[in-house]
Amino acid sequence: MQLSRDALLQAYRQMRTIRAFEERLHDEIMKGEIAGFTHLYCGQEAVAVGVCEHLDHEDMIVSTHRGHGHCIAKGCDVVGMMKEIWGSTEGLCNGKGGSMHIADKDVGMLGANGIVGAGAPIAVGAAMSAKLDGKGKVSIAFSGDGACNQGTTFEAMNMAVVTNAPAIFVFENNKYSEHTGFEYAVGTNNDIVSRAEAFGMKVWRADGCDFFEVYETMRDVLEHVRGGNGPAAVEFDTERFYGHFEGDPQRYRGEGELDRLWAERDCIKIFRQRATEASLLKSDELDGVDEEVLALIDKAVDDSRAAPRPTPEDVQRDVYIDYF
Amino acid sequence: MQLSRDALLQAYRQMRTIRAFEERLHDEIMKGEIAGFTHLYCGQEAVAVGVCEHLDHEDMIVSTHRGHGHCIAKGCDVVGMMKEIWGSTEGLCNGKGGSMHIADKDVGMLGANGIVGAGAPIAVGAAMSAKLDGKGKVSIAFSGDGACNQGTTFEAMNMAVVTNAPAIFVFENNKYSEHTGFEYAVGTNNDIVSRAEAFGMKVWRADGCDFFEVYETMRDVLEHVRGGNGPAAVEFDTERFYGHFEGDPQRYRGEGELDRLWAERDCIKIFRQRATEASLLKSDELDGVDEEVLALIDKAVDDSRAAPRPTPEDVQRDVYIDYF
Amino acid sequence: MATMLYRDAVLQTLHAEMERDESVVVLGEDLVGGMGTAGGPEAIGGIWGTSVGLFDKFGKDRVIDTPISECAIVGAAGGLALAGKRPVAELMFADFIGVSLDQIWNQIGKFRYMFGGKSKCPAVIRMAYGAGFNAAAQHSQSVHQMLSGMPGLKVVMPSTPADVKGLFTQAIRDDDPVIFLEHKALYGVEGEVPDGEHLVPFGHARLSRAGEDVTIVATGMMVGMAEAAADSLAEEGIGCDVLDLRTTSPMDEEAILDSVEVTGRLVVVDEAPARCGLARDVSALVSELAFASLKAPPQAVTPPHTPIPFARELESAYLPSPDKIVAAVQKTLNWR
Amino acid sequence: MATMLYRDAVLQTLHAEMERDESVVVLGEDLVGGMGTAGGPEAIGGIWGTSVGLFDKFGKDRVIDTPISECAIVGAAGGLALAGKRPVAELMFADFIGVSLDQIWNQIGKFRYMFGGKSKCPAVIRMAYGAGFNAAAQHSQSVHQMLSGMPGLKVVMPSTPADVKGLFTQAIRDDDPVIFLEHKALYGVEGEVPDGEHLVPFGHARLSRAGEDVTIVATGMMVGMAEAAADSLAEEGIGCDVLDLRTTSPMDEEAILDSVEVTGRLVVVDEAPARCGLARDVSALVSELAFASLKAPPQAVTPPHTPIPFARELESAYLPSPDKIVAAVQKTLNWR
Ligand SMILES: Cc1ncc(C[n+]2csc(CCOP(=O)(O)OP(=O)(O)O)c2C)c(N)n1
Ligand SMILES: Cc1ncc(C[n+]2csc(CCOP(=O)(O)OP(=O)(O)O)c2C)c(N)n1
Ligand SMILES: [Mg+2]
Ligand SMILES: [Mg+2]
């Protein structure tokens, strides 16, 4: 099934929103406006959007330290996210969480996570819940190529197979965990999902820089999992355009590596090319989206700057629902 | 290469010693003489002995909660072990450890372990050390089919591959983790080492109830690992004859299951049959070993009963080498 | 009132709460037992016998037998709770928080706060703790001191079958994550348990002996020892308040301070060592907030700073005992 | 005496000890950096810059870059140590003890005891701890209170570059397992460091300010705050002893008690919350053992019982500060 024009425009809008959100963050962080540790998702947009465009708010996802893209793709409010990263009480988490801990259960976004590998078991629990509810909903754990070496990820995969839970393990292989190369740290030296396969799971592999490929692969994955056939894993080959964290000098990159990636592996460029060449969308329509998106991000930043700041009394709020 | 008569007798003596040690423990525990949690290795003797007969004291092993067999096979003093289980200050661990924590670094036995899956990372560290020493020594992690679901085991396997450490993961698949069946808990539903394979490791499978098969398989495994070709994993199909712990009613067994195992899968019976049928050893030679072994175990129990008991002052000894 | 074992109070509460609320789900290793075996399911019903009959009644999606993967067990409980269920996970031995701590400490305990109060995580993590079985250093530990220090978690330590029912029911219905610590040596203890609905709110200590000379604070297995000490002291005419804290987070600080205001003397008994432990916490609390009432230095009766030894004689010497508590009471009475 | 950064004192000690003793081995994530990349090894030398140049000098078998597998990292350190090496493992953030606690707590900390004193485990586990960077609830924590309560471990918290050198050298040469806690916010702090061999024995507090009115006990990052408070109080004529504990296990109880015997007043500053924390431990210790000397109730300056919040204003409000310490000192002086 082809995507409708509206759906295509929506997908593009989502990808562009993630990109614009992050590039603006990159600038603001350089200016020193933003506190804390921030990891940019830039370059991987086609994965988050290609996965989440299949989901509704009752499907659940669990994210990572590099979570902005997943949050936006799943429907978190972009202004609320920006305010959160700015530390305002109007942020999605009231300024308590920041970049690494954005969540919005109302849209099925159960939480970003600062602990590598911690999300997968949580996603399996959410999948158990979905199974119990019997509405064909799924739960997705996003993980990196680094996270696939964490024991928790393996335990989660086995647990999902054993309980036949509708969990999907999406591995975004951007070939780096911090400053270390995938080929060094991942013992198999070829891929990640062969591990998932060894747990008895059905697996897929696809190019994560091509939205259409991600989207179509996920259609198959979701058909399998929603059909009650147990968990699945999929590995997307993708690229990270900025440093591991903001401030990373990226000395582990080869000469010209980043230039090549920007030229050849930019999922937004690739989307535009494919969509316009096939006459699905017109360049100026896409430019129109770009403008709207940039305006939204401007507004998000302006609102964030003006948003109320927390007070010392806020520290003790929301530890418990009720303690005594 | 065939094993010499002496080596065969020695292997038999080791297997019989484990069996006699444990059957005596079984009786003494019923009588209430022994405190703590005890897990009997009975039925799996061919694995411990078939593996350890290839090793010397500079090769290292790390064991599990079901560790008596590994300890004896690796050369721990049997009387010292019995005294330990009896809680005497003359025990191998001065009465501090008990059944689950027997160790003797002088024979390369780095420790049994009460935490399922905890041994594998420790074995990898020992393997890193062996690699650094460059003498072709190896380090072996014994794990069960239950332990293969613990994240630590996976992390250890990947780490061994990445560092090319001379580690060997010996999985003793006795088909049960406590009261739960292997087919339920291990997602793959066929075997354990296919997981190890997915980490890029060379793997072997063999019948763990046949000493000769274990021994020969380990010859190949060790040749591979001592040769600097990286870690390896091997899965032995084996049987546990007693309950998970002493006191387990074993309601998870099928009708007649245990009788069948005793009849068809007793590694000691199988050894005797094969060794005598091939005229490698004579029945009365083997009976002679049996008698010597039983005498040794009698002595171990008598000595343990008479051995000195700890005093309250001993509690605070050996927490640190020096604290202030 | 029915009489039942501590263990059975756990089991019956699970049956009752699972019947009452279909969002209650249990998970853990060997919780069913016999999965994937010829003997078939319900071969054990939990190694403590605290889940017998659940599988037959509620089926495999609500009674989830898991592989040996504690991190995934607690993590799954977290995910179930975020998704709207009320999971009760069993860790078998409290010592296994070692392999699952991240999910307890950094995940379920922090979701609510990190997410600005917009999520809730009504997960209960049950575990058997404590010494007394010569199970040595990795199967005998008390962990309430570590877990109570983790903001976001509630920590419960019932000492009687009645409190098991009241506190466990509360734990399951509570909307915050709760660590429920069952003492191995109490499973076989019998006691009267109120019929029908019985809830014990958190943060309310129980006065199990009353006296005006010394305040003894204890939890779990230590409560019985404190009572034994108080009873023998009573024969000598020395009266002790014995306060069973019931929950260490929240802690009923008021009850402790009120009692010390009367007695002026404090003995805290704890099954974990003193360093950064609960005994020192309570002593300091009293010293900070009831300084003027104190007639003598607070006394702590705790094990020494050592792992838990195996041999019978060593484990007995390691643990607090009624005699050691009596000695501490006498020390505080004889001070100066 | 050379002047150097706290961070560089870590790095240079590693260089020196690895040169001195070839059994010293380091391992951790991104410790080399660039492994398996086109940029090649030594792309980073540790995210804290505390292992720069080691790989080139000592090679891949002694400078082991690991996958993201903290349990295996600590476990491997344990195995290396049992096998006769002196591993120094880096956990990057102290918060990651959550995923590796079993190996720290139940394995390396207990080997010696469980094995009857016949094994030794000279492993050092380094980690960066502490708040101040708006890194929120999972990247800012202090963990000394948990780890100090675990018998078998030694816990070290240097507050100056000189002590980094002295204590880290001691940690590497020590035959027991040592947790070495480096405060993130101190990495960039400069100080004088003795040339040549410099060892600081464990269990000896450092008196960094002397005064007779109040004793202030602190560790790590809190020492500087205590000093700032003491300096401003000195201007008002109030004299404080500031005791930097340096190691929390072993703890220099004598130094604390001796000081309180003179001052009669105690303020304990800690970066972890009060419940089962170090501040309460020290207060209780003094209340139990120096009761007669105490002129006022001990005061604890700690964060509240909450996870660590993200926003700047919240994190500042969460943390102790010189002002809060001054207020506590005044409170103890003004008592009654
Ligand atoms: C348990 C744990 N270990 C280490 C870290 C530090 N850390 C944060 S991100 C990261 C790399 C993760 O790599 P990957 O999973 O590939 O995700 P990516 O950063 O490429 O998106 C590391 C090591 C952490 N946050 N948690
Ligand atoms: C981390 C941890 N989880 C659970 C247990 C409890 N436990 C002890 S042995 C065991 C089963 C282990 O099964 P397997 O690895 O197959 O070894 P076997 O008992 O068959 O030798 C379990 C669950 C434990 N000791 N440690
Ligand atoms: Mg990556
Ligand atoms: Mg087994």
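Letters A, B, ... are given to chains in the order of the sequence lines, protein chains preceding strands, and every chain is numbered from 1.
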- Message: Once rounded to the nearest 0.5 Å, what's the spacing between atom CZ of D:R280 and atom CZ of C:R280?
- Response: 13.5 Å
- Item | Greatest number of heavy atom pairs closer than 4.5 Å to chain C - which of D:Q107, D:H144, D:M251, D:R336 | D:M251
- Item | Under 4.5 Å from any heavy atom of chain C - which part of D:V155 | neither
- Side chain, backbone, both or neither: which part of C:A279 has an atom under 4.5 Å from a heavy atom of chain D? neither
- Determine the option with the most heavy-atom pairs under 4.5 angstrom with chain C, choosing from D:A290, D:A284, D:C276. D:C276
- Message: Please classify the contact between C:T248 and chain D as side chain, backbone, both or neither, with a heavy-atom cut-off of under 4.5 Å.
- Response: backbone
- Query: Where does the angle between the aromatic ring planes of D:F291 and C:F291 fall among parallel (under 30°), tilted (30 to 60°) and perpendicular (over 60°)?
  - Reply: tilted
- Task: Evaluate the criterion side-chain hydrogen bond (donor to acceptor under 3.5 Å, both in side chains) for residue pair D:Q138 and C:D102; output intermediate values, then yes/no.
- Result: CA-CA 10 Å; D:Q138 295 173 339; C:D102 181 68; 5.8 Å; no
- Query: Based on non-hydrogen pairs under 4.5 Å, which of C:G149, C:C71, C:S148, C:G152 is most in contact with chain D?
  - Reply: C:S148
- Item | C:I308 portion near chain D, given a 4.5 angstrom heavy-atom threshold | backbone
- Against chain D, work out which of C:Q103, C:Q299, C:M150 has the most heavy-atom pairs shorter than 4.5 Å and name it. C:M150
- Here the pair of heavy atoms bringing C:W105 nearest to D:A94 is CH2-O, 4.5 Å
- Task: Examine whether an atom of D:A137 lies under 4.5 Å from a heavy atom of chain C, and if so say whether it belongs to the side chain, the backbone or both; otherwise answer neither.
- Result: both
- Query: In Å and rounded to the nearest 0.5 Å, what is the CZ to CG distance from C:F96 to D:L101?
  - Reply: 13.5 Å
- Message: With chain C as the partner, which of D:E288, D:R275, D:H305 has the greatest number of non-hydrogen pairs under 4.5 Å?
- Response: D:R275
- Select, from D:A296, D:G109, D:A136, D:G277, the one with the greatest count of heavy-atom pairs under 4.5 Å involving chain C. D:A296
- Note on the structure: Most heavy-atom pairs under 4.5 Å with chain C, out of D:D281, D:L266, D:D95, belong to D:D281
- Item | Proximal component of C:L294, with respect to chain D [non-hydrogen, under 4.5 Å] | both
- Under a 4.5 Å cut-off applied to non-hydrogen side-chain atoms, are D:P151 and C:P307 in contact? yes
- Task: Output, in order, the C-alpha distance, side-chain angles, deciding distance and verdict of side-chain contact (heavy atoms from CB on, under 4.5 Å) for C:M114 and D:F310.
- Result: CA-CA 8 Å; C:M114 293 191 299; D:F310 163 66; over 6 Å; no
- Here the pair of heavy atoms bringing C:Y113 nearest to D:P309 is OH-CB, 3.5 Å
- Task: Name the region of C:E70, side chain, backbone, both or neither, that has any atom closer than 4.5 Å to a heavy atom of chain D.
- Result: neither
- Interface check, chain C: of D:P304, D:S283, D:P298, D:A274, most non-hydrogen pairs under 4.5 Å belong to D:P298
